Amino acid sequence: MADGVTLVDAQELQDLMMNKFIAAGLKKEHAEETARHLTYADACGIHSHGTVRVAYYAERIAKGGVNLDPQITFEKTGTSTGIVHGDNGMGQYVCNRGLDYAIEMAKDTGLAAVGVEKTGHSGMLSYYVKRAAEENLVALAMCQSDPMVVPFGGSENYFGTNPIAFSAPRSSGEALVFDMATTVQAWGKVLDARSKDRAIPDTWAVDGDGNPTTNPHAVRGLLPIAGPKGYGLMMLVDVMAGSMLGLPFGKHVSSMYADLTQKRNLGQFYILMDPKKFTDLKAFKERVQQMTEELHQMPPAKGFDQVYLPGERSQIRRKEAMANGIEVATEIYDYLKSDTVHFDKYDGQGAFAE
Ligand code: NAI
């Protein structure tokens, strides 16, 4: 195991995080849901969306940037459409409640196009689409995040890392789950590299002069995936999860670390589909299964050990982590065990806070 990393039991980690959020002011139910989500992310090896966020969340909760008693309501706007008003509650809690409404609608009508307006940072999107696939639905999810990406050909940050995820059920094994930021890497991966003081590849981000950098502390702008194509996808996310929900878009989206006393007003969007409205469910799941098996059977290219499915390596890591412990930066583990609620260090720091 790498230096500065400790293996922590999943339940212990979840309880420590929950207690930290409760100490910051969050209700137990909201704290527990958030801690469960972050533990899942860390167990999957997506450390960008796990414990690395706790001190920041705790500071925002303590300073009023999260509604501690949100009145979450569902406004049905059509047969298969609706808006969840999140009232700026804790993102993971709001977005899971929003998903509950969307799942119910998709099962009822075959389709749910549901926007969640005024939420906080929602974390790892695969958590949500996986839940939908477990209900035998095909799911798409996307959300806004703070503007820290240089658009293709541009010199200033404009869009967020605006992730997109999809899932589909299959006849055996785990649901098929794909989940990506529309940037080469999620900002949280840079945060994770910062917390472990590890260099990043020079393809992820640029420094304050717009030059590629390997120093995670020097990052001042992230790069879209595949140039203009990623740029187009992050635009799509902002149109659907921002403009269509009447929320700020692009550079007007609130910044994670700008003012922790202010609510985030972010948007998330779900499109859930019931495959039974298109085909026989059992046959559909078998076809998805067949596709994944054919991919597994393909001889790997030079330098690869096999063709993996999206999300597959995360699930392998998760099984290992649930059995042997989750990798956590020791510094963060020490903080989680301490009486310190937060470090009062993020407020007013801007998107690229140390
Ligand atoms: P990533 O680059 O780690 O993975 C992207 C996708 O590629 C995943 O589905 C992964 O399973 C797949 N993949 C990776 N290596 C593979 C391989 N060798 N073979 C087959 N598939 C492979 O993900 P990224 O872009 O760094 O995003 C990390 C997380 O950050 C996601 O969960 C995303 O939802 C979250 N995020 C959340 C934001 C928010 O504001 N809520 C903002 C941005 C990202």
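Order of appearance sets the numbers: ligands from 1, and atoms from 1 within every ligand. Keep in mind it's a predicted model, so treat the numbers as computed, not measured. Reckoned from all heavy atoms, side chains included, excluding hydrogens, waters and symmetry mates.
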Decide, yes or no, whether a salt bridge links Lys282 with Asp280 under the criterion of side-chain N to carboxylate O below 4.0 Å.
no

Is the shortest distance from a heavy atom of Glu312 to ligand 1 less than 4.0 Å?
no

Starting from atom 1 (P) of ligand 1, what is the nearest protein heavy atom, named by residue and atom, and what distance separates them?
Lys189 NZ, 3.5 Å

Distance to 0.1 Å, residue and atom name: give those for the protein heavy atom nearest to atom 36 (N) of ligand 1.
His49 NE2, 3.3 Å

Using 30° and 60° as the class boundaries, would you call the ring planes of Tyr346 and Tyr257 parallel, tilted or perpendicular?
parallel

Ligand 1 to Met124 polar contact by distance, N or O atoms, under 3.5 Å:
no

Please report whether the ring centroid of Phe278 lies less than 6.0 Å from that of Phe284.
no

With a distance cut-off below 6.0 Å to the six-membered ring centre and an angular limit of 45° from the axis, does Lys20 pair with Tyr57 as a cation-pi contact?
no

Set of residues satisfying salt bridge (charged side-chain N to carboxylate O under 4.0 Å, His left out) with respect to Asp100, sequence neighbours excluded
Arg97, Arg131

Yes or no: does Gly311 have any heavy atom under 4.0 Å from an atom of ligand 1?
yes

Does some non-hydrogen atom of the protein lie less than 4.0 angstrom from atom 13 (N) of ligand 1?
no

Does the protein place any heavy atom closer than 4.0 Å to atom 22 (C) of ligand 1?
no

For atom 43 (C) of ligand 1, what's the nearest protein heavy atom and its distance?
Thr161 OG1, 3.2 Å

Within residues 90-109 or reaching into it, pairs that qualify as ring-ring contact (aromatic ring centres under 6.0 Å, His included) - sequence neighbours excluded:
His30-Tyr93, Phe74-Tyr101

Ring-face cation contact, Tyr333 with Lys337, 6.0 Å cut, 45° max
yes

Among Ala181, Gly45, Ala41, Ser145, closest by heavy atom to atom 25 (O) of ligand 1 is Ala181

For atom 17 (C) of ligand 1, what is the nearest protein heavy atom, given as residue, atom name and distance?
Arg313 NE, 4.0 Å

Leu125 neighbourhood, listing ligand 1 atoms whose heavy-atom distance to it stays under 4.0 Å
32 (O), 34 (O)

protein heavy-atom neighbour closest to atom 38 (C) of ligand 1 works out as Pro163 CG, 3.5 Å

Please state whether Gly188 comes within less than 4.0 angstrom of ligand 1, counting heavy atoms only.
no

Are side-chain heavy atoms of Ser167 and Leu140 found at a separation under 4.5 Å?
no

Between Arg198 and Asp192, does at least one N-O distance fall below 4.0 Å, as a salt bridge requires?
no

Check whether any heavy atom of Ser314 sits under 4.0 Å from an atom of ligand 1.
no

Compare every heavy atom of Gly221 with every heavy atom of Asn157, then report the nearest pair and how far apart it is.
OD1-CA, 3.6 Å

A student checking ligand 1 against Gln185 at a 4.0 Å heavy-atom cut-off should list atoms 2 (O), 26 (O)

Under 4.0 Å from any heavy atom of Cys143, which atoms of ligand 1 are there?
39 (C), 40 (O), 41 (N)

Which of the numbered atoms in ligand 1 are below 4.0 angstrom from a heavy atom of Met180?
5 (C), 25 (O)

Got an N/O contact under 3.5 Å between Gly123 and ligand 1?
yes

Just which atoms of ligand 1 are under 4.0 Å from any heavy atom in His121?
39 (C), 40 (O), 41 (N)

Are any of the side-chain nitrogens in Arg317 or Glu320 under 4.0 Å away from the carboxylate oxygens of its partner?
no

Just to confirm my output: which protein heavy-atom neighbour is closest to atom 4 (O) of ligand 1, and how far is it?
Asp179 O, 3.8 Å

In this structure, is the centre-to-centre distance between the rings of Phe249 and His252 below 6.0 Å?
yes

Could you check, using the six-membered ring where one of them is a Trp, whether Tyr40 and His49 have ring centers closer than 6.0 angstrom?
no

Among protein heavy atoms, which lies nearest atom 7 (O) of ligand 1, and at what distance?
Phe178 CE1, 4.0 Å

Measure the distance from atom 20 (C) of ligand 1 to every protein heavy atom, then report the residue, atom name and distance (to 0.1 Å) of the closest one.
Tyr308 O, 3.4 Å

